[in-house]
Amino acid sequence: MEYGKLISDVLELFDHDYKYAEWNVVSEDILRDEDTPTEILDKLYELDKTNLAVLRGIAAHPNASKQILETLSKDLNDAVRWGVAENANTPVNILESLAGDESDVIRYRVAKNINTPVSALEKLASDNSEVVRSGVAGNPGTSVTILEKLSEDKEDSVRLSVAQNPGVSAAVLDRLARDIDEDVRAAVAKSGKNSEATFTVLARDGSGTVRENVAKNENAPLNVLNALLNDGETSVRGAVAENPNTSLELLDKLAKDVKQSIRTSVAENKNASDSILRHLAEDDDGYVRKAVARNEKTPNQVLSKLAKDEDWRVCENVAMNVNAPENVLEYLSGYNDAYIRKAVASNKSAPKEALLRLSQDEEWIVRENVVKNPNAPEEALLNLKNDKDWRVVKLVTKNPGISDEALEKITADTGFRIKYKAYIALLKRAAK
């Protein structure tokens with residue numbers, strides 16, 4: 001169906017049915033759905049332009065028209081201007097205007113907006129409010145020059161935002177690695193742009209949080225990870241065990257650590273060998289076995305055994321594992337615990353027969369996970385459009401596996417909310 005015809009049908013639907021629907025509920029549907037097209041937002045604005053919640057929702061919506069954003073940027077209510085200021089699709093000229101807003105909260109949102117021009121960021125970098133300067137410091141579009149200036153700001157929150165900025169230079173990070181504030185140093189430790197020298201400095205930091213972040217960092221050199229292997233803090237050694245770049249030799253040592261949390265981290269590591277995973281699958285601690293069950297590298301034979309573990313949490317994690325054998329998932333789909341059935345329902349590898357059966361489960365959280373599963377059979381999706389729980393129904397048209405033909409059938413449904421959802425899904429596809 002063509003986009004123009006679909007829009008015409010939806011607008012006609014509004015004229016005839018919207019007034020009979022639950023106004024606030026339907027408006028919330030429209031505003032929360034990021035796929036709602038511009039034409040519908042324009043229609044909603046026309047119908048309910050005095051409703052603050054509607055104005056705030058449209059102001060922040062990615063498909064709001066430039067004309068309406070221009071109007072809302074001058075609204076007297078801060079919450080409405082706030083929405084315009086944080087909207088990534090707000091035109092540059094509007095953001096430049098809002099950069100001079102009297103409210104520092106609005107200026108902060110402009111400072112954080114990825115669409116804000118460099119000229120406005122340069123101005124805001126000298127703002128009297130530390131909140132606004134921290135917004136500039138955290139903006140990925142902020143220039144290296146400005147970040148260098150803000151890295152020497154007197155306020156910790158500003159320097160912290162600089163350290164967290166993906167565009168910060170290695171030289172600035174090296175200086176901030178010696179910052180007086182622990183949170184700043186901890187943020188630097190998370191960066192992927194650190195030099196080996198910076199990592200070495202941070203690995204010797206007096207803060208366990210800083211060293212832990214180094215140990216978790218996938219860009220940390222192997223010699224740094226090796227140095228942290230015998231750290232006195234359990235959390236640091238656990239982070240080494242979690243790091244995907246930790247060598248098998250180190251993982252093998254850590255798999256025998258006396259601390260359950262460290263063995264658990266090894267069990268979660270995607271680089272753990274079959275022999276390590278088989279060893280940890282026999283661990284006395286349920287958290288360790290749960291981690292083995294969740295690891296997609298765990299051998300099928302081990303998963304089959306763990307599916308009958310005495311700890312239901314272990315079984316649940318097998319049910320979530322996309323590499324679990326079909327017969328295991330089929331078995332777990334009949335488990336008496338709803339959370340285990342929910343896990344199967346969310347698994348993209350679950351047999352279609354199991355998903356069809358779970359679409360009729362007595363627990364709504366199970367049915368909800370079926371409707372979110374991209375591999376759910378269409379028969380199950382069409383059954384769920386009549387579900388008694390709206391939390392389930394509203395997701396039917398979002399499923400990428402539902403056909404255009406099925407969506408068109410739903411547009412003939414008697415319920416306004418589900419009809420509207422089907423139209424939006426068709427519009428999204430027609431716009432591509």
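For the single chain, residues carry numbers from 1 onward in sequence order.
The closest side-chain heavy-atom distance from D75 to L55 is below 4.5 Å. Using a 4.5 Å heavy-atom cutoff, the side chains of E2 and L6 are not in contact. V344 has its side chain out of reach of L355: every pair of non-hydrogen atoms, C-beta onward, lies at least 4.5 Å apart. Counting heavy atoms from C-beta outward, I114 and P140 have side chains that approach closer than 4.5 Å. Taking the side chain as every heavy atom from C-beta outward, R429 and D404 approach each other to under 4.5 Å. By the 4.5 Å heavy-atom criterion applied to side chains, D29 and K394 are not counted as neighbours. Looking at heavy atoms from C-beta onward, S346 lies out of side-chain contact with K372 at the 4.5 angstrom threshold. Contact check for L72 versus Y45: side-chain heavy atoms found under the 4.5 Å cut-off.
The residues D285 and R289 are annotated as not salt-bridged, no charged nitrogen and carboxylate oxygen being separated by less than 4.0 angstrom. One finds a salt bridge joining R294 and E268 here, because a Lys/Arg side-chain nitrogen approaches an Asp/Glu carboxylate oxygen to under 4.0 Å. Taking 4.0 Å as the cut-off between side-chain N and carboxylate O, R237 and D231 do not count as a salt-bridged pair. Salt-bridge formation is detected for the pair D174/R178: a Lys NZ or Arg NE/NH1/NH2 atom is positioned less than 4.0 Å from an Asp or Glu carboxylate oxygen. A salt bridge links D33 and K421; the closest N-O separation between the charged side-chain nitrogens and carboxylate oxygens is under 4.0 Å. Salt bridge R159/D156: present, at least one basic N to carboxylate O contact under 4.0 Å.
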**OP:** Take R367 and L358, measure what side-chain contact (heavy atoms from CB on, under 4.5 Å) needs, and give me the verdict at the end.
**Re:** CA-CA 6 Å; R367 304 193 304 276; L358 291 171; over 6 Å; no
Original post:
Are L160 and D181 close enough, and set up right, to give a side-chain contact (heavy atoms from CB on, under 4.5 Å), and what steps lead you there?
Top reply: CA-CA 9 Å; L160 173 61; D181 187 77; 5.6 Å; no
**OP:** Evaluate the salt bridge (Lys or Arg N to Asp or Glu O under 4.0 Å) criterion for residues D35 and K398: first the C-alpha distance (whole Å), next the side-chain angles of each, then the deciding distance (0.1 Å), finally the verdict.
**Re:** CA-CA 10 Å; D35 297 327; K398 291 284 189 181; 3.0 Å; yes
**OP:** Verify side-chain contact (heavy atoms from CB on, under 4.5 Å) between Y420 and I40, making sure each step is shown before the conclusion.
**Re:** CA-CA 11 Å; Y420 169 75; I40 303 303; 3.8 Å; yes
**OP:** Check step by step if salt bridge (Lys or Arg N to Asp or Glu O under 4.0 Å) holds for D337 and R341.
**Re:** CA-CA 7 Å; D337 189 289; R341 301 198 304 278; over 6 Å; no
**OP:** Verify side chain to side chain donor-acceptor pair (under 3.5 Å) between R357 and S333, making sure each step is shown before the conclusion.
**Re:** CA-CA 9 Å; R357 185 171 62 255; S333 71; 2.5 Å; yes
**OP:** Could you please spell out the steps behind the side chain to side chain donor-acceptor pair (under 3.5 Å) verdict for K149 and S126?
**Re:** CA-CA 10 Å; K149 171 190 171 185; S126 299; 2.9 Å; yes
**OP:** I would like to know whether H61 and T38 meet side-chain contact (heavy atoms from CB on, under 4.5 Å); could you show each step before the answer?
**Re:** CA-CA 9 Å; H61 200 285; T38 303; over 6 Å; no
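Looking at T264 and Q260, their side chains do bring a donor and an acceptor atom within 3.5 Å of each other. Side-chain N/O atoms of R81 and S103 include no donor and acceptor closer than 3.5 Å. Checked by atom type, the side-chain pair S403/E378 shows a donor-acceptor distance below 3.5 Å. Judged by distance alone, the side chains of Y339 and R313 never bring a donor and an acceptor atom under 3.5 Å apart.
No donor-acceptor distance shorter than 3.5 angstrom exists from the side chain of D104 to the backbone of S129, with no hydrogens or angles considered. Between the N63 side chain and the E34 main chain, a donor and an acceptor come within less than 3.5 Å of each other. Between the side chain of R109 and the backbone N or O of V105 there is no donor-acceptor pair closer than 3.5 Å. A distance-only check finds a donor-acceptor pair linking the side chain of N139 to the backbone of N113 [under 3.5 Å]. In terms of modelled atom types and a separation under 3.5 Å, the side chain of D179 and the main chain of R185 share no donor-acceptor contact. A donor-acceptor pair is defined here as one N or O able to donate and one able to accept, closer than 3.5 Å; such a pair exists between the side chain of N323 and the backbone of E296. One N or O on the side chain of S161 and one on the backbone of S157 form a donor-acceptor pair closer than 3.5 Å. A side-chain donor-acceptor contact under 3.5 Å links T36 to the backbone of I30. For N295 (side chain) and N269 (main-chain N/O), a donor-acceptor pair under 3.5 Å exists by modelled atom type. Proximity of a side-chain donor or acceptor of N219 to a complementary backbone N or O of S191 within less than 3.5 Å is not detected.
The local environment of NZ in K66 is sparse, with at most 12 non-hydrogen atoms from other residues, nucleotides or ligands closer than 6.0 Å. Within a 6.0 Å sphere centred on NZ of K270, heavy atoms belonging to other residues, nucleotides or ligands number more than 12. Other residues, nucleotides and ligands place more than 12 heavy atoms under 6.0 Å from the NZ atom of K43. With a 6.0 Å radius and a threshold of 12 heavy atoms from other residues, nucleotides or ligands, K352 has its NZ atom above the threshold.
The two residues I146 and A125 have their closest heavy-atom pair at CG2-CB, 3.7 Å. Of all heavy-atom pairs between L173 and T198, the closest is O-CG2, 4.2 Å. Residues I106 and D78 approach most closely at CD1-O, 3.4 Å, considering heavy atoms. Looking at every heavy atom in both residues, G167 comes nearest to N165 through N-OD1, 2.8 Å. Shown here for P117 and V92, the closest heavy-atom pair between the two residues is CG-CG1, 3.5 Å. For the pair N217 and A189, the tightest heavy-atom approach, listed with the atom from each and the gap, is ND2-O, 2.9 Å.
Taking NZ of K388 as the start and CZ of R391 as the end, the distance is 11.0 Å to the nearest 0.5 Å. If you take CD1 on I418 and OG1 on T397, they are separated by 5.0 Å, rounding to the nearest 0.5 Å. Between atom CD of residue E326 and atom CG of residue L329 there is a gap of 7.5 Å, rounded to the nearest 0.5 Å. For the atom pair CD1 (I402) and CG (L382), the distance works out to 5.5 Å, reported to the nearest 0.5 Å. Atom CG of L384 is separated from atom CH2 of W364 by 13.0 Å, given to the nearest 0.5 angstrom. Here the CG-CD distance, from L228 to E212, works out to 11.0 Å after rounding to the nearest 0.5 Å.
The residue from R107, K112, R56 that alone fulfils the salt bridge (charged side-chain N to carboxylate O under 4.0 Å, His left out) condition with E86 is R56.
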